[in-house]
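Source: prediction; values computed, not measured. So that the names make sense, note that chain A is the first sequence line, chain B the second, and so on, each numbered from 1.
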Protein chains: 2
Amino acid sequence: MSQNEKTCLIRGDAGRTVRAILDRIGSRWTLLIVATLHGRRLRFTELQQHIPGVSQRMLSLSLRRLERDGLVSRTAHAEVPPRVEYELTPMGQTLIAPAITLAEWAAEHNPAIERSQAAYDTRED
Amino acid sequence: MSQNEKTCLIRGDAGRTVRAILDRIGSRWTLLIVATLHGRRLRFTELQQHIPGVSQRMLSLSLRRLERDGLVSRTAHAEVPPRVEYELTPMGQTLIAPAITLAEWAAEHNPAIERSQAAYDTRED
DNA sequence: CAGTATCCTATTCGATACTG
DNA sequence: CAGTATCGAATAGGATACTG
């Protein structure tokens, strides 16, 4: 299968799928949460401490969405005070690899992108 | 390098980079434009025809951002009526592979995600 | 043809306060 | 501890009209 055919995954019928995924992982905190949960289970407060800047509200909303998508599992222990633990589901773990691919691209090309932006902006001034 | 170390690409200092990238490709039309330009150069109107639902405004804004990032090049021919052609830069072409990786993940797991969502929603009713 | 400008709506997100 | 509710600011995005 050529790369050009594969590109249809983004453009074609599956394109709606890709948009649906990007609507999720494109959300500010989602990918960060998945990466933070990689290889361990954490409580709500622990997650919040590992992810600087996330508000209770956004952490809650993002976790609920990830749970609904079946990427993260939520385990509430019947204790006082309450204890809730989050971890990646098997499907959630499969997202790690593509996420890393994207991250490596980002890390590799970011310097060039920033140079391009700077050049563009000085031209436009 | 272990996958756990690589995950730091998402969480660590490079994490800001990843967010910067996601702020771009996470934008509704960006990835679609890149995929549409894969292997060919197209004019503004042609792009609009290939990407159903995109408004002039969003196509323009997205192209300007991609151009600023150095992922797309814009060539204006000095003619009447004006003719402007867009194509991927070499760096823009390197984005195709990671995008496909993500798209393949999306295509493969979307059925399971939709089942999970349906199950979650009926539970919550 | 290839845009930009303007207006308006919807969604996202942060801050704060409150609860089982 | 682990959230939800509410409010307001910022941003994204669509529709329409106008221009070099």
- Contacts of A/Pro81 and A/Ser60 projected onto DNA chain D by closest heavy atom; the upstream (5') one is A/Pro81
- Over how many whole Å does the gap from A/Glu79 atom CD to D/dG3 atom P extend? 14 Å
- Note on the structure: From CE of B/Met58 across to P of C/dA10 the rounded distance in Å is 17 Å
- Mind checking B/Arg43 for me? I need base, sugar-phosphate or nothing, with any heavy atom below 4.0 Å counting as a touch. sugar-phosphate
- Query: When the distance from CG of A/Leu42 to C1' of D/dC1 is rounded to whole Å, what number comes out?
  - Reply: 15 Å
- Query: Side chain of A/Thr101, backbone of B/Pro98: donor and acceptor closer than 3.5 Å?
  - Reply: no
- For D/dC18, the Watson-Crick or wobble partner whose two distances fall under 3.5 Å: C/dG3
- What nucleotide, of D/dC1, C/dA2, D/dG14, holds the atom closest to the side chain of A/Pro82? D/dC1
- Item | Distance in angstrom units between A/Asp23 CG and C/dT12 P, rounded | 8 Å
- Note on the structure: Separation of D/dT4 atom C1' from A/Leu61 atom CG, nearest Å, is 9 Å
- Item | Selected nucleotide, minimal atom distance to A/Thr45 side chain, candidates D/dG14, C/dA15, D/dA2 | D/dA2
- Over how many whole Å does the gap from B/Gln56 atom CD to D/dC18 atom P extend? 14 Å
- Task: Starting from P on C/dA2, measure out to CD on B/Glu85 and report it in whole angstrom.
- Result: 9 Å
